[in-house]
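Just so we're on the same page: letters track the sequence lines, and every chain starts at 1.
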Protein chains: 2
Amino acid sequence: MTPSAREPRIRRATILDVAAAAGVSRQTVTRAMNDMPGISPTTRERVQQLAAELGYTPSRFAKGLVQGARVSLGLAIPDLTNPYFPAFASTVVEVATQRGWNVVVDDFGHGSGSGLDAVNRLAPQVDALVGYLGACSSDAQAMMGRRPVVVLDDPSGHAAGGISFDYAYAARTALERLQAAHCREIAYLDSNQEGPATTRGLAVAAAAKEAGIELTVRQAADSAPAARQAVRAMIEDRGGIDGLLVFNDLMAAGALKALQDAGKTVPGDCAVIGMDGIPLGELLTPELTTLALDLRAVGRAAVDLVDNLLAGALEAGSEDAMLVLRHELVLRQSA
Amino acid sequence: MTPSAREPRIRRATILDVAAAAGVSRQTVTRAMNDMPGISPTTRERVQQLAAELGYTPSRFAKGLVQGARVSLGLAIPDLTNPYFPAFASTVVEVATQRGWNVVVDDFGHGSGSGLDAVNRLAPQVDALVGYLGACSSDAQAMMGRRPVVVLDDPSGHAAGGISFDYAYAARTALERLQAAHCREIAYLDSNQEGPATTRGLAVAAAAKEAGIELTVRQAADSAPAARQAVRAMIEDRGGIDGLLVFNDLMAAGALKALQDAGKTVPGDCAVIGMDGIPLGELLTPELTTLALDLRAVGRAAVDLVDNLLAGALEAGSEDAMLVLRHELVLRQSA
DNA sequence: GTGCGGCACGTGAACGTTCACGTAGTATCC
DNA sequence: GGATACTACGTGAACGTTCACGTGCCGCAC
């Protein structure tokens, strides 16, 4: 539960050891280690040399305690093996690093855990929290106390900050595109991660109804092989599908494979549209048309929210702390 | 440089605030917060309630200081947008999390920084360090003092622990496969990340010489578009290439694209072999033959080394702390 | 009623830094 | 030659916990 101290409490060298070895005081060692003024170059050099020899490294705990530093940003990710999340995480890490944060990453999907597990692990160790936490944003905020929490993709989120996506717009845009490509039999392949229907799934269903489209819906696990399997089954059940919208790009990759397996051409026999716009899409054959997120903008926005919440420039839970971003259609070969 | 404390040092609630509010002592609050014995259920409940109301969260600095905890593992990654690294990172995060570590990830490629930048950022904040640090393993160990450092892919590494790969074996296996596929004109597409020739490049050249193969070598940046561009140019220069070994799977994906652009079939006109065995390979068309690493084994080995070094079960810099792993050929469609 | 054990809770000390001072000694200025 | 300023260093206090004790109190057996 609580992170366990590892066994043999080997006494690390402290600042006093270095001070004693150099025949100076704590404060002089501090000055040497932190390149502060008020110390002669000779002494500085000698102390640094001695510190290196003793293997002295300042305790981040002691330093953090006295300085009250806010340096660690927690990043909770459902599944790093799904390329969307590294793409997102990499922009968060990049932006946050630029702003002086250290990013602590927790992947809670692997151990088939929930977001709450990640929160429990991260909360004691970080000064702010960002992540795809599913439905546990209120628990997260409770665990984090007054520290900033930014939750992605949970419109009902009860965290201090939130970023969600305009799926109604995305769904409408995708279906319009499929109609423009003269698709008659349109299907949606959903993820089964969140139960009977995802937020995306509901938006697609609504958009289809609005556009008078009779939509075939199928669910599969959020992975390429599962999607491949599901589309294979879908083709067997209902051969005539000629337009396919998919929950995300990874599953779309699997869908493309299944269509190829069945000897169908894309987009000739069936057009395919993915969602999120990860770089993978460009490497597929045919290249994947997708509703792309500006991933850099998402990452930047998340870190912005954290910084602003911390600075008190935003009121926690206020309108301004709840961002809504849009997917934009990127036309490539598959639709 | 040093992580800056963020501006307004808003006084967080401390254990004393909670104690005062509850009319009990520090220690009783500690007992309540950490579910320790020696406290009545009534008091525990009341204190927890009050703590939540006050937004009290224990300071990890104070706690770490007194407990001497080793909880944070630094993970230095050159470029999270290259899917190899998330694949590696995800196993490290998974395994390390299981063992009670928090993983602090630093991506030093984006800012066009070097591994040394990552080390400078991570060293003050972590209890151990793992990563692809390029050539700065000795600097890393110096910054980390006596704390464990495990460096990947730097055979000359001067860190406490190391994991490297048997590229001679990999190169031999790949070239054998291409020869078995009756390729006559074999080329190697190298990365230009490390200068004129990479460790992998040298191994491939040596293996080619050994096998009596006259090898065409070309370099490109470590990305799919750059590889695509380079292979396009290679085809223009020397059309007859019918066997292509590529630095890694991401670049191989770009190479496949270039061959398709040129109207060549794979593996008919040209066989392609990638390296590292990332999941992406299976999604490409044709599916990528590759020299695959057991990525889970690599991640597990890295964390094992850290734990053993920390426990003193391994001597830093000893033979046992230097692992060599092998790529194994995974035959798919492209060769 | 005395002794003893257990329960619920409190208190001094320690963890390793940095901050905000304080203090010698030396040079500077007129 | 005495006040002033600067340089190079030292010292008490504080940061917020947990650890290892210590202390009342109540009940119970004999």
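With rounding to whole Å, L16(A) atom CG is found 13 Å from dT18(C) atom C1'. Rounded to whole Å, the distance from CD on Q125(B) to P on dT17(C) is 14 Å. Across the protein-nucleic acid pair, D17(B) atom CG and dG16(D) atom C1' stand 11 Å apart, rounded to whole Å. In this structure, NZ of K63(A) is placed 18 Å from C1' of dG16(D), rounded to the nearest angstrom.
Judged purely by atom type and a 3.5 angstrom limit, R31(B) has no side-chain atom pairing as donor or acceptor with the backbone of R44(B). Listed for the R60(B) side chain is a donor-acceptor partner under 3.5 Å among the backbone atoms of Q125(A). Between the side chain of Q141(A) and the main chain of A160(A), a donor-acceptor pair closer than 3.5 Å is present.
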Polar atom pairs (N or O), protein with nucleotides 25-27 of chain C, under 3.5 Å:
none

Please list, pair by pair, any protein nitrogen or oxygen found under 3.5 Å from a nitrogen or oxygen in nucleotides 6-13 of chain C.
from    : atom 1 : to     : atom 2 : distance (Å)
dC9(C)  : OP1    : T43(B) : OG1    : 2.8
dC9(C)  : OP2    : S40(B) : N      : 3.1
dC9(C)  : OP2    : T43(B) : OG1    : 3.4
dG10(C) : OP2    : S25(B) : N      : 2.7
dG10(C) : OP2    : S25(B) : OG     : 2.9
dG10(C) : OP2    : T28(B) : OG1    : 2.7
dG10(C) : N7     : R31(B) : NH2    : 2.9
dG12(C) : N7     : R26(B) : NH2    : 3.2
dG12(C) : O6     : R26(B) : NH2    : 2.3
dA13(C) : N6     : R26(B) : NH1    : 3.4

Between D106(A) and L75(A), is the side chain to side chain contact (heavy atoms under 4.5 Å, CB included) condition met? List the steps.
CA-CA 6 Å; D106(A) 194 293; L75(A) 181 57; over 6 Å; no
Step-by-step side chain to side chain contact (heavy atoms under 4.5 Å, CB included) determination, L152(A) to F88(A):
CA-CA 11 Å; L152(A) 287 100; F88(A) 165 68; 3.7 Å; yes
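Remark: D320(A) engages no residue in a salt bridge (Lys or Arg N to Asp or Glu O under 4.0 Å) (not counting sequence neighbours).
Using the six-membered ring where Trp is involved, Y132(B) and F165(B) have ring planes that are parallel, under 30° apart on the 30 and 60° scheme.
Using a 4.0 Å cut-off between a side-chain N of Lys or Arg and a carboxylate O of Asp or Glu, D307(A) and R300(A) do not qualify as a salt bridge. Here R121(A) does not pair with D107(A) in a salt bridge; the nearest charged N to carboxylate O distance is not below 4.0 Å.
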Atom pairs and distances, side-chain donor-acceptor, residues 50-58 of chain B, under 3.5 Å, sequence neighbours left out:
from   : atom 1 : to     : atom 2 : distance (Å)
E53(B) : OE2    : Q49(B) : NE2    : 3.0
T57(B) : OG1    : R12(B) : NH2    : 3.1

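Listed nucleotides: dG16(D), dT18(C), dC19(D). Nearest to the side chain of Q67(B): dC19(D). Nearest nucleotide to the L65(B) side chain, out of dT18(D), dG16(D), dA14(D): dG16(D).
A heavy atom closer than 4.0 Å to some atom of DNA chain D occurs in no member of residues 50-61 of chain A.
Between T30(B) and dT17(D) there is no side-chain N or O to OP1 or OP2 distance below 4.0 Å.
Looking only at atom types and distance, the side chain of S137(A) has no donor-acceptor partner in the side chain of D139(A) under 3.5 Å away.
In plain terms, the two heavy atoms of L293(B) and Y84(B) that are nearest each other are CD2-OH, 3.7 Å. Considering all non-hydrogen atoms of both residues, A13(A) and D17(A) come closest at CA-OD2, 3.3 Å.
When the local axes at the two ends of the helix from dG1(C)-dC30(D) to dC30(C)-dG1(D) are compared, using 5 base pairs at each end, they differ in direction by 40° after rounding to 10°.
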